[in-house]
Protein chains: 2
Amino acid sequence: MLFQDVHQAHPACGDCPIRHRAVCARCETDELRELDRIKYYRSFEAGQTVVWSGDHMEFVASVVTGVATLTRALEDGRTQMVGLLLPSDFVGRPGRDRAPFNVIATTDLLMCCFRRKPFEEMMARTPHIAQRLLEMTLSELDAAREWMLLLGRKTAREKIASLLAIMARRDAALGLSAPSGRIVFDLPLTREAMSDYLGLTLETVSRQITALRRDGLIELQGKRHVIVPDYDRLVEVAGDDSDGGFFG
Amino acid sequence: MLFQDVHQAHPACGDCPIRHRAVCARCETDELRELDRIKYYRSFEAGQTVVWSGDHMEFVASVVTGVATLTRALEDGRTQMVGLLLPSDFVGRPGRDRAPFNVIATTDLLMCCFRRKPFEEMMARTPHIAQRLLEMTLSELDAAREWMLLLGRKTAREKIASLLAIMARRDAALGLSAPSGRIVFDLPLTREAMSDYLGLTLETVSRQITALRRDGLIELQGKRHVIVPDYDRLVEVAGDDSDGGFFG
DNA sequence: CAGACACCTTGACATGAATCAAAGAGATCC
DNA sequence: GGATCTCTTTGATTCATGTCAAGGTGTCTG
């Protein structure tokens with residue numbers, strides 16, 4: 001789910017992005033019908049809290065449109081983002097009833113929810129759903145570990161370059177082009193959200209973005225519109241030894 | 001696998017710790033027999049590499065005895081530990097054939113392996129194994145996220161206290177006592193391994209351990225034998241808002 | 001249009017952790 | 001029993017990033 005590639009999913013599975021992208025990779029119609037029966041939609045406004053860490057979470061869900069963040073915080077307020085939910089990403093855990101992190105909508109957000117109990121029952125009857133979830137969870141785990149390397153060992157400059165490269169890559173993928181050469185996209189995060197993601201302060205984020213611009217690695221129009229003239233050069237600054245890991 | 005609690009498993013499932021602890025929570029004998037048929041043991045000496053990142057990994061496995069680490073590294077050698085494998089922990093991913101990290105034995109190590117293909121086939125036939133793996137993977141994901149909070153937002157002192165608290169907690173759990181009051185245990189990691197885990201240098205680790213000792217939060221006999229006189233006070237220094245998260 | 005607000009940038013300074021360097025403590029080996 | 005090796009501690013210094021503070025930019029609202 002963390003940076004899950006929207007386009008890995010089967011492209012011909014109907015209108016609801018949820019049905020095939022997040023849950024049911026094989027698209028068998030009986031199961032889709034059953035999923036349809038137990039699903040419902042919820043929408044949230046930008047800034048609204050979806051679930052608070054420690055709360056009961058009586059559903060699992062999939063993002064239809066918008067962006068949400070998963071965060072954990074220390075008592076004194078220091079906050080770390082631990083995941084980013086983009087359209088088609090899945091959140092929730094069959095078998096656990098308390099959320100281990102805060103889920104917050106950063107833009108207007110539409111989620112497709114399944115009440116946990118019926119979903120679990122369906123999972124028990126439909127083995128390939130558990131396998132699909134396992135696969136997705138393993139991808140997330142890989143992404144989390146890649147992120148641990150970033151948080152523990154990269155410099156501020158490398159961190160920013162990494163984040164921009166991921167965003168660029170993701171948007172290139174949405175446009176179905178290979179990520180190389182010139183890429184243009186909009187940042188879906190504030191500087192503060194970026195700092196929470198990268199384990200930095202927002203001032204440092206701002207300064208490093210300025211530095212990357214000064215060095216010609218990116219161009220900015222306004223605060224959020226980013227132009228990456230040379231994707232490969234950016235990846236080089238990011239210092240990744242395996243950029244591919246992020247998309248599982 | 002990361003900090004998986006050995007004692008969560010059903011205690012009465014036979015002699016091979018693998019059979020029930022890591023893979024088969026329900027202990028049905030037919031399945032255990034089948035797992036027995038496809039399993040084999042491999043042992044490694046301390047320091048030996050089990051798998052190198054990017055290599056083909058043709059098995060999934062479970063730790064019987066010893067300790068192994070999962071690490072990722074940048075090209076210039078900066079290294080981040082992304083997981084710790086202790087007895088009963090599971091490693092490997094059905095459905096992927098390349099390891100996304102290095103697995104290195106830090107002590108002499110005995111692993112119980114299952115060739116990937118037969119294991120996958122068995123998983124397809126035995127739904128609750130996929131569910132069990134999903135459960136374990138979700139626990140690991142929670143642990144990884146907890147670790148992201150540590151790496152991104154905690155001070156060196158808090159990081160060390162967190163690691164010691166986890167070790168203390170784990171060893172208290174092995175002795176079947178509740179983690180509180182006085183706990184005594186041996187560190188299974190060198191200062192360098194600890195630094196790789198915590199995103200610090202080994203000098204900083206050494207200094208902070210000295211500082212915690214000076215402040216009476218821990219006592220040391222030799223380099224590795226640790227006495228925690230007051231577990232709760234240590235947890236307080238660690239700054240965790242949810243210590244429970246680590247054991248899923 | 002003015003005012004308010006959220007978001008972002010920049011500057012000056014402080015500080016926690018890294019780096020570089022040296023030496024101590026325990027093992028192991030002949 | 002001394003030599004050697006690995007692991008660890010400690011000290012001096014540097015540097016990257018955090019902290020505190022001020023001001024800029026764009027958007028929305030009345």
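Here the structure is a predicted model, which is why all the values come from computation and not from measurement. Each chain gets a letter, A, B and so on, in the order the sequences are listed, and its residues count up from 1.
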- Is a donor on one side and an acceptor on the other found under 3.5 Å between the side chain of A:Thr106 and the backbone of A:Val67? yes
- Note on the structure: Residue set satisfying side-chain contact (heavy atoms from CB on, under 4.5 Å) with B:Thr49, at least two apart, ordered chain then number -> B:Trp52, B:Ile104
- Query: Just checking B:Thr190: base, sugar-phosphate only, or nothing, at a heavy-atom cut-off of under 4.0 Å?
  - Reply: sugar-phosphate
- Set of residues satisfying side chain to side chain donor-acceptor pair (under 3.5 Å) with respect to B:Arg207, sequence neighbours excluded: none
- For B:Thr204, the side chain to side chain donor-acceptor pair (under 3.5 Å) test, sequence neighbours excluded, returns B:Thr201
- Could you pull out all residues at least two apart from B:Thr69 that satisfy side chain to side chain donor-acceptor pair (under 3.5 Å)? none
- Among residues two or more places apart or on two chains, list those pairs meeting salt bridge (Lys or Arg N to Asp or Glu O under 4.0 Å) that have a residue in residues 194-203 of chain A. A:Asp196-B:Arg153
- Item | Contact interval (first through last nucleotide) of DNA chain C with protein chain B, 4.0 Å heavy-atom | C:dA17 to C:dA25
- Item | With sequence neighbours excluded, residues passing side-chain contact (heavy atoms from CB on, under 4.5 Å) with A:Arg42 | A:Tyr40, A:Phe44, A:Phe59, A:Cys113
- Contacts of A:Glu158 that satisfy side chain to side chain donor-acceptor pair (under 3.5 Å) - sequence neighbours left out: A:Thr155, B:Arg78
- For the helix from C:dC1-D:dG30 to C:dC30-D:dG1, how many degrees between its two end axes (five pairs per end), to the nearest 10°? 30°
N/O donor to acceptor pairs below 3.5 angstrom from side-chain atoms of residues 184-194 of chain B, sequence neighbours left out:
unit_1: B:Asp186; atom_1: OD1; unit_2: B:His225; atom_2: ND1; d: 3.0
unit_1: B:Thr190; atom_1: OG1; unit_2: B:Glu192; atom_2: N; d: 3.3
unit_1: B:Thr190; atom_1: OG1; unit_2: B:Ala193; atom_2: N; d: 3.0
unit_1: B:Arg191; atom_1: NH1; unit_2: B:Lys223; atom_2: O; d: 3.4
unit_1: B:Arg191; atom_1: NH2; unit_2: B:Lys223; atom_2: O; d: 2.9

- Message: Once side-chain contact (heavy atoms from CB on, under 4.5 Å) is applied, do any residues pair with B:Ala211, and if so which ones, sequence neighbours excluded?
- Response: B:Arg157, B:Gln208, B:Arg214
- Quick one: label B:Arg224 by what it contacts on the DNA or RNA (base, sugar-phosphate, nothing), any heavy atom closer than 4.0 Å. sugar-phosphate
Find every protein N or O atom lying less than 3.5 Å from an N or O atom of nucleotides 18-26 of chain D, and list the pairs.
unit_1: D:dG18; atom_1: OP2; unit_2: A:Thr201; atom_2: N; d: 3.4
unit_1: D:dG18; atom_1: OP2; unit_2: A:Thr201; atom_2: OG1; d: 3.2
unit_1: D:dG18; atom_1: OP2; unit_2: A:Thr204; atom_2: OG1; d: 2.5
unit_1: D:dT19; atom_1: O4; unit_2: A:Arg207; atom_2: NH2; d: 2.8
unit_1: D:dC20; atom_1: N4; unit_2: A:Glu203; atom_2: OE2; d: 3.0

